[in-house]
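Note that this is a predicted model, so its numbers are computed, not measured. The figures here come from the full heavy-atom set of this structure, side chains too, leaving out hydrogens, waters and symmetry mates.
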Amino acid sequence: MNEERHEEIMKAISNLSAQFAEMLREFRKRGEILHEADDATLSTNDLVDVLGVSKATLNRLRQRRLIPFRYISANQVVYPSVVILISVCTEQMNWR
C-alpha cells in the first residue's frame, strides 16, 4: 500500500512538472511576442487615423504629456503602439 501511494505521488509530481514546463514555454512565447510588440511604433499619420483626431490635437496631447512619444529625428515623432493600444482599449486615455 505504501508503495502504491508513493507511485501515485510520483506520477502526480511528474504530471505537475509537465504542466509547469508547458506553462513556462507559453509564458516565454508570450513574452517574446510582447517584447517584439514593444518595439513597434506608430507614426503621427498612423495615430491620427487610429484616434480620429487632427495633427493639432495630437500636438496638444504631446505638449500636455497625455500621450507617450519619442523623437527619432529633429522633426519626426513616433508613438509606442502597445501603450497606445492598451490605453485606448482600457479607456485610460481621455483627451476630450
Side-chain angles (χ1 to χ4, degrees):
M1 174 99 175
N2 209 5
E3 209 171 292
E4 290 174 9
R5 183 72 178 142
H6 181 266
E7 285 181 31
E8 286 179 30
I9 291 172
M10 292 306 292
K11 192 179 286 188
I13 289 172
S14 177
N15 287 340
L16 287 174
S17 178
Q19 289 174 356
F20 179 74
E22 180 61 32
M23 287 173 46
L24 189 57
R25 279 192 293 276
E26 184 66 26
F27 285 138
R28 284 185 180 148
K29 182 176 154 187
R30 288 181 184 178
E32 289 171 5
I33 291 170
L34 288 176
H35 181 68
E36 290 172 8
D38 284 345
D39 296 337
T41 57
L42 296 170
S43 69
T44 297
N45 289 335
D46 292 336
L47 199 55
V48 163
D49 291 341
V50 168
L51 298 179
V53 296
S54 67
K55 288 184 180 182
T57 299
L58 198 54
N59 188 35
R60 285 191 295 275
L61 293 172
R62 281 198 318 263
Q63 289 174 347
R64 294 181 198 151
R65 303 281 184 202
L66 295 176
I67 191 166
F69 68 95
R70 67 182 164 92
Y71 285 98
I72 57 173
S73 67
N75 62 351
Q76 190 173 6
V77 179
V78 292
Y79 306 86
S81 60
V82 172
V83 174
I84 301 297
L85 179 63
I86 290 170
S87 297
V88 169
C89 289
T90 59
E91 299 177 1
Q92 290 176 352
M93 188 177 293
N94 185 7
W95 56 83
R96 296 180 191 219

Donor on one side chain, acceptor on other, N2 and R5, under 3.5 Å
no
Path from L51 to L66 over hydrophobic side-chain contacts below 4.5 Å:
yes
Search all heavy atoms of L58 against all heavy atoms of V48 and return the closest pair with its distance.
CD2-CG2, 3.9 Å
Locate the shortest heavy-atom distance separating P68 from P80; write the atom from each residue and the value.
O-CD, 3.5 Å
Side-chain heavy atoms under 4.5 angstrom apart, residues restricted to Ile, Leu, Val, Met, Phe, Trp, Tyr: same cluster for V53 and L47?
yes
For K11, is there an ion pair with E8 - N to carboxylate O distance below 4.0 angstrom?
no
Roughly how far apart are T44 OG1 and Q76 CD, rounded to 0.5 Å?
8.0 Å
Ignoring hydrogens, what is the shortest heavy-atom contact between R62 and I67? Give both atom names and the distance.
N-CG2, 3.8 Å
